[in-house]
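Naming convention: chains lettered A, B, ... in sequence-line order (proteins, then strands); numbering from 1 in each chain. Predicted model, so just to flag it, every value in this text is computed and none were measured.
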Amino acid sequence: MELYSTLSRSVEPFVTLNPDRVSLFVCGPTVYDYSHLGHARTYVAFDVLVKYLRWTGKEVFYLQNITDVDDKIINRAKEEGVSQNALSRKFENEYLRDMQSLGINAVSYYARATTHIPEIIDQVERLIARGVAYVSETGVYFNVDTFERNGELSGQDGTKRVSRVSDTSKNNPLDFVLWKIGEYGEYTWDSPWGRGRPGWHIEDTAISEKYFGQQYDIHGGGLDLIFPHHEAEIAQMESLEGKHPMVKYWLHTGFLTVKGEKMSKSLGNFITIRDALRTWNKDVLRYFILLSHYRSPLQATDEGIANAAKALEHIRAVAKKDTGVNREGRKAFTDAMESDLNTPMALAAIQALATSGDIGALKEFGEILGINFLRETSAPLSVLQDIRAELRARKQFDVADLIRERMVAAGINITDAPL
RNA sequence: GCCAAGGUGGCGGAGUGGCUACGCGGUUGACUGCAGAUCAACUACAUCCCGGUUCGAAUCCGGGCCUUGGCUCCA
């Protein structure tokens, strides 16, 4: 398989540290609000990647963190007059529910920041001992000047960057916080530097180091996390013992946009996953998402999703009688997946597989993509179908049409073949 | 200002040198108890602009224009 890595800015053969095992870390959400389609896009992409890798026989440990200690959580909890714990547990559950309803179930383990405080403190201590972090009145900071590869991932030259954060307690405005000293309500812990709470970037490296060690295969997340978040992760992890690279394959998903703008909570132009699911089902949403490459920007429009829904319906309508294995079609599918997870091309192969009637492939590949390409036929449904076929054969069209009317009214799509 | 991604037919969206996917839409026909679906064929003046390399470029190189994003929290 070949994957594009942001680190090398090129497509590279995917070679794992262990031949049959893949370690993958994806940045999870900060749980202070409902998740939107932008999140869905990212997590569907990694869900498909992992399912595909597993299908090829790899054992994948897919780790995802949950950021449950953060300014936004503190503020939101205060606004709503609830505890930080209650708020973050609520939206964590809502997030997991949304993921489930989108068929995203490949994650091996979800790790919360707040349950890894000892690991975080330990890592900060080691960074201080290495001489790459320092303690000031307001907290512990990472000294970016000690890390020569700073800016490697984002391609930005640190010296030209203008920080918009003015903080006199930092040596260099680009230094980032590892531990914030202060009282932050219930989510405040004792530490060697005083009571406080962890910075954002350290939680990910503490968690990933615990489960994977200092080097692992893939790190994923949205394009918006490259700077500063992923840069900071690299600086922290690689400063521990100098192991490089922390991760060779950095996979970043493109933005979901609305009218040309990035969908985000701060812009207020977001559609929550649950709202989207009121109009469209998960198969349609996944099909829509996978219709464009994971790194490309994806424009969210009703027309676009409706288009995807029609295309999916077409596949289901065509895929009826099983005519056996379509070798070229199957190869086209795997070739596409091998090529940096080219799902648009893979879906083109699915079209061909449907037309040629390779039901087995549709079922198998449908599981990788998390999309049901076959019409559901439950037992009662097929009994009704049989009865209608019989009625039509006897030319009792009034009764047959009545059944059809009722079925359509109940939301069951039904079409007749010519007699 | 710096950095990044991107500009492909009516629309969505693939494609890193020649033969240009796939889908939606549109047209025509076939089939059809009706509705729908399906099948076949066609459609589509498409590759942001200007140079260059090449026998040949959407694809490589140079310049420009435009869009979006990052440089503050963000999937």
Side-chain angles (χ1 to χ4, degrees), chain A residues 6 9-11 26-30 32-33 35-46 64 67 70-73 75 95 151 153-166 174 176 200 220-229 231 252-257 259-267 270 287-288 290-299 301 303-318 320 332 336 339 342-352 354-355 392-393 395-398 400-401 404-405 408 413-419:
Chain A
T6 307
R9 307 227 172 256
S10 59
V11 177
V26 173
C27 290
T30 301
Y32 71 100
D33 205 342
S35 304
H36 56 68
L37 285 182
H39 299 105
R41 202 268 168 102
T42 292
Y43 298 122
V44 164
F46 288 107
Q64 193 173 113
T67 300
D70 178 86
D71 284 338
K72 294 194 174 182
I73 291 170
N75 295 337
Y95 167 70
L153 188 65
S154 61
Q156 297 200 69
D157 183 348
T159 56
K160 286 184 187 158
R161 210 151 45 213
V162 186
S163 176
R164 300 186 199 172
V165 191
S166 58
L174 296 175
F176 52 87
W200 176 34
L223 213 55
D224 46 359
L225 297 179
I226 294 173
F227 184 89
H229 189 51
E231 288 278 10
H252 292 103
T253 52
F255 294 126
L256 188 77
T257 58
K259 290 181 185 134
E261 282 185 313
K262 173 186 169 191
M263 178 180 286
S264 72
K265 287 173 188 170
S266 38
L267 284 170
F270 61 90
Y287 192 95
F288 169 69
L290 297 175
L291 217 40
S292 56
H293 187 82
Y294 72 88
R295 276 190 286 114
S296 307
L298 172 59
Q299 180 87 239
T301 61
E303 296 73 29
I305 303 176
N307 186 324
K310 280 181 201 157
L312 180 55
E313 255 322 297
H314 180 255
I315 288 172
R316 287 177 176 161
V318 171
K320 275 182 179 149
S339 172
N342 192 331
T343 54
M345 213 183 233
L347 288 175
I350 292 289
Q351 291 281 349
T355 308
R392 289 176 65 231
K395 305 216 185 293
Q396 300 183 17
F397 298 118
D398 50 341
D401 288 354
R404 181 170 66 194
E405 256 173 58
V408 169
N413 220 352
I414 173 169
T415 58
D416 291 329
L419 279 173

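Of the candidates B:rA14, B:rA75, B:rC34, B:rC34 carries the atom nearest the A:R392 side chain, counting heavy atoms from C-beta on. Side-chain atoms of A:P228 lie closest to B:rC73 of the nucleotides B:rA14, B:rC73, B:rA5. Taking only side-chain atoms of A:R9, from C-beta outward, the nucleotide of B:rC73, B:rA35, B:rA5 with the closest atom is B:rA5. Checked against B:rC71, B:rU38, B:rG13, the side chain of A:F227 finds its nearest nucleotide in B:rC71.
Pair assignment for B:rU32: none, as no Watson-Crick or G-U wobble contacts are both less than 3.5 Å. B:rC71 is paired with B:rG1 under the criterion used here, namely a Watson-Crick or G-U wobble arrangement in which both key atom distances are under 3.5 Å.
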Could you pull out the protein-nucleic contacts involving nucleotides 66-69 of chain B (nitrogen or oxygen on both sides, under 3.5 Å)?
from	atom 1	to	atom 2	distance (Å)
B:rU68	O3'	A:G260	O	3.2

For nucleotides 21-24 of chain B, give me every protein contact, N/O to N/O, under 3.5 Å, one pair per line with atom names.
from	atom 1	to	atom 2	distance (Å)
B:rG23	N2	A:N307	ND2	3.0
B:rC24	O4'	A:N307	OD1	3.1

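At a threshold of 4.0 angstrom between heavy atoms, the contacts of A:V26 with the nucleic acid are absent.
By the 5.5 Å and 30° criteria, A:F397 is stacked with the base of B:rG33.
With A:R41 contributing its side chain and A:L290 its backbone, the two residues share no donor-acceptor pair below 3.5 Å.
Only the P atoms considered, B:rG63 is 28 Å distant from B:rU72, to the nearest whole Å. For the C1' atoms, the distance linking B:rC22 with B:rA46 amounts to 16 Å, nearest Å. B:rU43 and B:rC2: their C1' atoms are spaced 47 Å apart (whole Å).
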